[in-house]
Amino acid sequence: MGYLLTLIILLIGNANTVVGKNYVKRSMRIKTSNSIYILLAHPVAAIFFFILAGGNVSLNFSTFLFSCAYGLVSIFSVILTFRAYRETNLVYMNVFSGAGSFVIPFFVEWLLWDVGFSGLDFVCVILRATAIFIPLFFDKEKRKGMIVCMLLFVLSASSSLVTRAYTLAPNVYPTSSWFFWTNVMVIPMVTIAVLMKEGPKTIASDIKAMKPILYIFIILATAMSNVSSLISVKVITMLGTTMYSVISSAMGMVLTILLSTLFFKEDIKKSTYVSAVLSVTAGILSVL
């Protein structure tokens, strides 16, 4: 069941990537398009989770702390993802974010949460780490994109650790309440930051200039991200952070390469394929 849910998450994620890249492409002439996306996505998400919870969105101190932590991760995730769309390809994004959700949580689970791992698991970690360093050393043309990818690595690890900690924490409310309050707490922070950076007049003008299809992209991307987040919490509870991450990375890498080469016609070099093969190999070994 966990493997099936992981596949569903990956399919949703790839569909979300298509929507996100199309949003970036079609809104390039609108200066504040990324800010508008961030400004609108969180209210849409809050409404989604409120409906899903049937209006029962209780809050206590533990849930509040997790909401604040995950809110910050969510904000930076959207910002970095849009930047990565412009500066690198989908395969590199997958390699680094996938490794981040696996390598760092692996050592945290091993050293702090006393999760037992086999020698083969350590081999998988080494392969995933190698997959990161290959593009850093052999693809000098993508060095600017590598900075964004390394940030995605750290952010992905943070997201996995916060989610795993939530599943282990006592006295927290259901996931729908957690995600609802995450978005509620993010809304004022994002609104103030965007208005201070862009200015109310510029935002208002660009909102009017945006075509309806762009708003549909925002709603679709937000909905898919919300569903994926809910399912991922369930899968992490079932499989653990490390197992979920390495399996999803292996499955996701194959889907990402197909999406990158066949759909978006991105320029994929040999070092990228080597990095991807190492990531997939790590995933296969982890389930042996």
- Are more than 12 heavy atoms from other residues, nucleotides or ligands located less than 6.0 Å from atom CZ of Phe64? no
- With no hydrogens and no angle check, is any side-chain donor or acceptor of Thr167 less than 3.5 Å from a backbone partner on Arg164? yes
- Give a yes or no answer on whether the side chain of Ser229 reaches the backbone of Ser225 with a donor-acceptor pair at less than 3.5 Å. yes
- Could you tell me which residues satisfy ring pair (Phe, Tyr, Trp, His ring centres under 6.0 Å) with Tyr70, sequence neighbours excluded, listed by chain and number? Trp178, Phe179
- Ser33 backbone acceptor or donor facing Tyr23 side chain under 3.5 Å: yes
- Query: If we ignore angles and hydrogens, is there a donor and acceptor under 3.5 Å between the side chains of Glu198 and Thr32?
  - Reply: no
- Task: Check the hydrophobic clustering (I, L, V, M, F, W, Y; side-chain heavy atoms under 4.5 Å; chains of links allowed) and say if Ile219 and Ile213 are grouped together.
- Result: no
- Message: Side-chain heavy atoms nearer than 4.5 Å, only ILVMFWY residues, links allowed to pass through others: does that put Val186 and Val184 together?
- Response: yes
- Query: Within the distance-only criterion (no hydrogens, no angle test), does the side chain of Thr81 pair as donor or acceptor with the backbone N or O of Ser77 below 3.5 angstrom?
  - Reply: yes
- Query: With the 4.5 Å side-chain cut-off for hydrophobic clustering, are Met189 and Leu40 part of the same group?
  - Reply: yes
- Message: Has Asn22 got a side-chain atom pairing as donor or acceptor with Val18's backbone, closer than 3.5 angstrom?
- Response: yes
- Message: Could you tell me if Thr63 and Asn60 have a donor-acceptor pair between their side chains, going purely by distance under 3.5 Å?
- Response: yes
- Side-chain (Thr222) to main-chain (Ile218) donor-acceptor, under 3.5 angstrom: yes
- Task: Taking Thr163 for its side chain and Val233 for its backbone only, find out whether a donor-acceptor pair lies under 3.5 Å.
- Result: no
- Query: Are the side chain of Tyr37 and the backbone N or O of Val78 linked by a donor-acceptor pair below 3.5 Å?
  - Reply: no
- Taking a hydrophobic cluster as the set of Ile, Leu, Val, Met, Phe, Trp and Tyr residues connected by side-chain heavy atoms closer than 4.5 Å, whether directly or through intermediates, do Trp181 and Val73 fall within one such cluster? yes
